[in-house]
Amino acid sequence: MKTLKGRQITQLPVYNLFKIGDLVNYQGPLLSLFSNPKGELYIYQWCDCDESHHRWLIYPVTLNQLSNYLNRKLTHYQLMMSHRVVYAVDLDGDAEPHHLLKLPTAEIPEDYRCSEK
C-alpha cells in the first residue's frame, strides 16, 4: 500500500457507526454508506489493500450531497474533495482499525482519487 502523508491518530472522531449499505460494489464493496445514531452520514471509500489490510478513506456527507451524488448532479470526485481532510484507516480481516490517519485531501494520492468526471 502507498505511504500516506497524514497525521496519525489513535481513534476516529466518529463513534457508533453502522452500515446502511453499499453504493458501489464490484467483487466486494467499494463505496459504502454509514451512519451514526445522530443521523450523520459517512462514506467509506475502498482504495487499497495488502495481504492483511484493506484501506478505506472516510469522510462525512450531507443528505443533500448524497442526493446530488446519486442523482448525478455531483461527481464522486466533488463529493470526496469537498472536505479539507479525510480519514484513512486500514482494516484487518476482523474489521479492526489499524493505522488511522487524518489526511488532508491535497495529500490523497492520485491512485486513490476518483476521476473528476
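Rounding to the nearest 0.5 Å places NZ of Lys5 at 5.5 Å from CD of Glu107. Note that the CG atom of Leu33 and the CG atom of Leu70 stand 8.5 Å from one another [nearest 0.5 Å]. Going from atom OH of Tyr15 over to atom CD of Glu40 covers 12.5 Å, rounded to the nearest 0.5 Å. Summarising the geometry, atom CH2 belonging to Trp56 is positioned 7.0 Å from atom CZ belonging to Phe34; distances are rounded to the nearest 0.5 Å. Going from atom CZ of Arg55 over to atom CG of Leu4 covers 4.0 Å, rounded to the nearest 0.5 Å. Atom CG of Asn64 is separated from atom CG of Leu74 by 9.0 Å, given to the nearest 0.5 angstrom.
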Output, in order, the C-alpha distance, side-chain angles, deciding distance and verdict of side chain to side chain contact (heavy atoms under 4.5 Å, CB included) for Thr105 and Tyr59.
CA-CA 10 Å; Thr105 51; Tyr59 45 92; over 6 Å; no
Given the rule in the side chain to side chain contact (heavy atoms under 4.5 Å, CB included) test, do Ile58 and Val14 qualify, once you have shown the distances and angles that lead to the verdict?
CA-CA 10 Å; Ile58 303 169; Val14 184; 5.7 Å; no
May I have the step-by-step check of side chain to side chain contact (heavy atoms under 4.5 Å, CB included) for Val85 and Arg7, ending in yes or no?
CA-CA 11 Å; Val85 297; Arg7 182 172 57 90; over 6 Å; no
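Val61 is not listed as a side-chain neighbour of Tyr69, based on a closest heavy-atom distance of 4.5 Å or more. Inter-residue side-chain proximity for Asp50 and Asp90 is flagged as unmet; no heavy-atom pair is nearer than 4.5 Å.
With respect to Asp111 and Lys2, a salt bridge is recorded, a charged nitrogen being found less than 4.0 Å from a carboxylate O.
Summarising the geometry of Arg113 relative to Ile108, their closest heavy-atom pair is NE-O, 2.9 Å, with the distance given to 0.1 Å. In terms of heavy-atom proximity, Pro97 sits nearest to Val89 at CB-CG2, 3.6 Å. Taking every heavy atom of both residues into account, Tyr87 and Lys102 meet most closely at CE2-CG, 3.8 Å. Across Leu57 and Cys47, no two heavy atoms sit closer than the pair CG-SG, 3.9 Å. Between Leu100 and Thr10, the shortest heavy-atom contact is CD1-O, 3.4 Å. Looking at every heavy atom in both residues, Pro104 comes nearest to Gly6 through CD-CA, 4.5 Å.
In this structure, Asp94 contributes its side chain and Glu96 its backbone to no donor-acceptor pair below 3.5 Å. Under the 3.5 Å distance criterion, the side-chain polar atoms of His98 are left unmatched by any main-chain donor or acceptor of Asp92. Checked by atom type and distance alone, the side chain of Asn36 pairs as donor or acceptor with a backbone atom of Lys38 at under 3.5 Å.
Here Tyr112 pairs with nothing under the ring-ring contact (aromatic ring centres under 6.0 Å, His included) rule; sequence neighbours left out. Partners of Asp22 under the side chain to side chain contact (heavy atoms under 4.5 Å, CB included) rule, at least two apart in sequence or in another chain, are Lys19, Asn25, Pro29, Ser32.
Under the 30°/60° scheme for interplanar angles, the aromatic rings of His53 and His99 are found to stand perpendicular. Using bins of under 30°, 30° to 60° and over 60° for the plane-to-plane angle, the ring pair Trp46/His54 lands in the tilted bin.
Atom CZ of Phe18 has more than 12 neighbouring heavy atoms from other residues, nucleotides or ligands inside a 6.0 Å radius.
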